[in-house]
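The structure appears below as structure tokens.
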Amino acid sequence: MATKSALEVDISSLTFETLEKIRGYLKRMIDAKGSDLHIKANAVVRARIQGEITPMSGEILSKEEALTFAKELLRTRFPEFVEKKELDLVYPYDENTRFRVNIFFQMEGVSAVFRVIPVKILSLEELGLPKILKKFTQIERGMILVTGVTGSGKSTTLAAMINEINWNKRKHIITVEDPIEFVHKDRKCVVNQRSVGQDTYSFGNALRAALREDPDIILVGEMRDRETIETALHASDSGHLVFSTLHTLDAKETINRIVSSFPTEEQPRIRLSIASVLQGVISQRLIPTIDHKRVAALEVMVKTPFIAQLILESRDVEIRDAIEEGREIYGSQSFDQHILDLWNSKVISTEEAFNYATSPSDLKLKMQGMGGKVGASPKSGEAEAEFAEDEIFQIKQD
């Protein structure tokens with residue numbers, strides 16, 4: 001095994017030419033309004049633009065260049081990279097643009113993914129998010145979860161909610177992230193942001209410590225393990241407002257994921273805790289739009305006495321219906337309700353609506369005005385023509 005001295009990087013010997021080349025690709029991706037840049041040894045550089053992976057040139061980045069790039073990017077952290085085989089970090093491109101970076105080894109050599117982090121934190125209104133999210137920021141205690149697959153906009157939504165609190169309340173906010181993405185300056189609130197690996201050893205350690213740091217609001221970047229989940233539930237039950245994320249598809253799966261993290265004999269206790277502290281679940285899907293952009297479709301579960309009862313009684317399968325029925329009174333909405341809104345507004349196509357619907361068959365009935373809960377179907381000739389394309393629906397149905 002290589003010695004520590006052999007792994008150390010002599011920064012004075014680096015030319016930074018490879019890093020400068022990658023910066024050129026980052027600039028092109030920014031100009032194209034892309035979201036992720038993919039660097040891979042022995043491959044061309046690619047970017048995710050409007051949701052699609054697109055080659056940025058025909059030039060192959062050699063294995064040696066990729067390794068040099070890692071040294072130029074990481075500098076004194078290169079030995080840590082060799083030891084851990086992957087690292088998370090934030091790379092400041094300029095005063096207006098930062099990137100969340102994951103760099104890792106794979107069979108061909110070094111790879112890295114750069115994810116754009118907007119410096120400006122958009123408001124809930126600028127993001128076009130449902131009004132109920134602002135009400136979530138006014139809650140004094142409990143737990144709010146934002147869920148979805150990687151790249152669905154969870155961090156952007158959380159940042160907007162923390163920003164809303166920061167401008168309108170006098171509170172102490174602690175965030176624990178890996179790494180820190182959006183930087184919150186103190187406004188009316190005191191905001192302490194901690195990065196796992198740099199400012200704390202783990203989410204669990206930081207969350208336990210936070211309970212002794214006089215917090216009002218705690219943001220946990222991700223509930224990755226049972227210890228973190230249990231501590232977050234305890235913090236919520238102790239009078240704090242806790243925000244966090246999970247990689248789950250919807251509210252029902254979110255509750256199942258939390259409960260199933262614990263042994264069978266403890267699950268009734270965890271269900272009791274969730275039913276008590278969980279104030280809302282926001283689940284997101286990014287859908288391609290007709291004008292070749294992407295829009296967030298949201299399922300929003302708002303805690304009600306009935307929802308709490310369903311959680312307690314393990315009737316999770318009924319949660320989606322309860323969400324839909326509570327739209328007018330509580331401001332909740334299912335994915336299919338929001339997708340129908342986007343389709344009615346001609347933001348997304350029929351094909352994409354079926355692609356991202358939870359139940360394409362139910363959505364089709366609602367589109368045809370037979371669903372009864374969501375609203376009238378469009379009457380235009382264009383919409384009627386789309387309904388004639390039944391083969392699209394047949395491919396997407398459950």
Side-chain angles (χ1 to χ4, degrees), residues 88-90 92 98 100 115 117-124 129 133-148 153-247 254 258 261 273-274 276-282 303:
D88 288 309
L89 63 144
V90 171
R98 299 161 68 242
R100 182 183 73 196
R115 162 69 55 84
I117 305 172
V119 171
K120 180 185 177 184
I121 301 174
L122 297 178
S123 68
L124 295 169
L129 297 173
L133 270 62
K134 179 171 285 191
K135 291 186 179 180
F136 284 155
T137 67
Q138 297 163 0
I139 294 171
E140 292 295 323
R141 62 189 60 84
M143 179 181 286
I144 306 291
L145 298 177
V146 182
T147 81
K154 298 186 296 294
S155 297
T156 302
T157 297
L158 274 176
M161 297 176 78
I162 294 297
N163 191 52
E164 178 73 20
I165 296 171
N166 193 16
W167 279 102
N168 294 288
K169 293 194 171 188
R170 300 186 184 278
K171 302 287 186 179
H172 179 203
I173 302 171
I174 295 177
T175 79
V176 186
E177 303 168 75
D178 183 19
I180 293 169
E181 297 187 23
F182 293 89
V183 176
H184 297 271
K185 297 181 179 179
D186 292 356
R187 303 300 180 185
K188 288 187 176 181
C189 294
V190 176
V191 186
N192 282 300
Q193 295 185 258
R194 307 189 69 194
S195 177
V196 173
Q198 178 175 317
D199 306 313
T200 183
Y201 287 113
S202 69
F203 281 109
N205 283 356
L207 189 49
R208 285 194 302 274
L211 297 177
R212 302 188 295 272
E213 294 161 359
D214 187 36
D216 297 292
I217 293 99
I218 303 171
L219 184 151
V220 185
E222 184 181 346
M223 297 203 299
R224 292 181 176 175
D225 52 49
R226 189 170 73 191
E227 178 194 16
T228 304
I229 293 171
E230 180 127 46
T231 309
L233 288 170
H234 173 67
S236 305
D237 197 37
S238 302
H240 305 91
L241 179 59
V242 177
F243 292 90
S244 192
T245 72
L246 281 170
H247 293 284
T254 298
I258 294 173
S261 299
S273 181
I274 296 171
S276 172
V277 304
L278 187 60
Q279 299 295 326
V281 179
I282 304 154
K303 179 185 177 180

Inter-residue atom distance H240.NE2 - D214.CG, 0.5 Å rounding: 7.5 Å

Any residue meeting side chain to side chain donor-acceptor pair (under 3.5 Å) with N205, in chain and number order, not counting sequence neighbours: R208

Backbone N/O of V220 and side chain of S244: donor-acceptor pair under 3.5 Å: yes

Side-chain heavy atoms of L278 within contact of K303, under 4.5 Å: no

Point-to-point distance, once rounded to the nearest 0.5 Å, from OG1 of T157 to CZ of F243: 11.5 Å

Minimal non-hydrogen separation, S123 against A160, with atom names: C-CB, 4.2 Å

Considering all heavy atoms, the nearest S236-R141 contact: O-CB, 4.4 Å

Over 12 foreign heavy atoms within 6.0 Å of NE2, H234: no

N192 side-chain N/O to I174 backbone N/O, donor-acceptor pair under 3.5 Å: no

T245 to G221 - nearest heavy-atom pair and separation: OG1-O, 2.6 Å

Exam field: side chain Q193 to backbone F182, donor-acceptor pair closer than 3.5 Å: yes

Side-chain donor/acceptor of N166 to backbone N/O of R187, under 3.5 Å: yes

Short N-O contact, K171 and E140, less than 4.0 angstrom: yes

Heavy-atom pair of closest approach, residues H184 and A159: CE1-O, 3.4 Å

Distance in Å, L241 CG paired with Q279 CD, rounded so as to fall on 0.5 Å steps: 8.0 Å

Test applied, side chain to side chain contact (heavy atoms under 4.5 Å, CB included); reference residue, V196; option that passes from I180, D88, D178: D178

E177 side, atom CD; S195 side, atom OG - distance, nearest 0.5 Å: 8.0 Å

Flag side-chain contact, heavy atom, 4.5 Å: L145 against I258: yes

Any donor-acceptor N/O pair, K154 side chain to H247 backbone, under 3.5 Å: no

Straight-line distance of T156 OG1 to E181 CD, nearest 0.5 Å: 7.5 Å

Under the side chain to side chain donor-acceptor pair (under 3.5 Å) test, residues paired with E213 that sit two or more places apart: none

Distance in Å, L233 CG paired with I274 CD1, rounded so as to fall on 0.5 Å steps: 6.0 Å

Pairing residues for R194 by the salt bridge (charged side-chain N to carboxylate O under 4.0 Å, His left out) criterion, not counting sequence neighbours: none

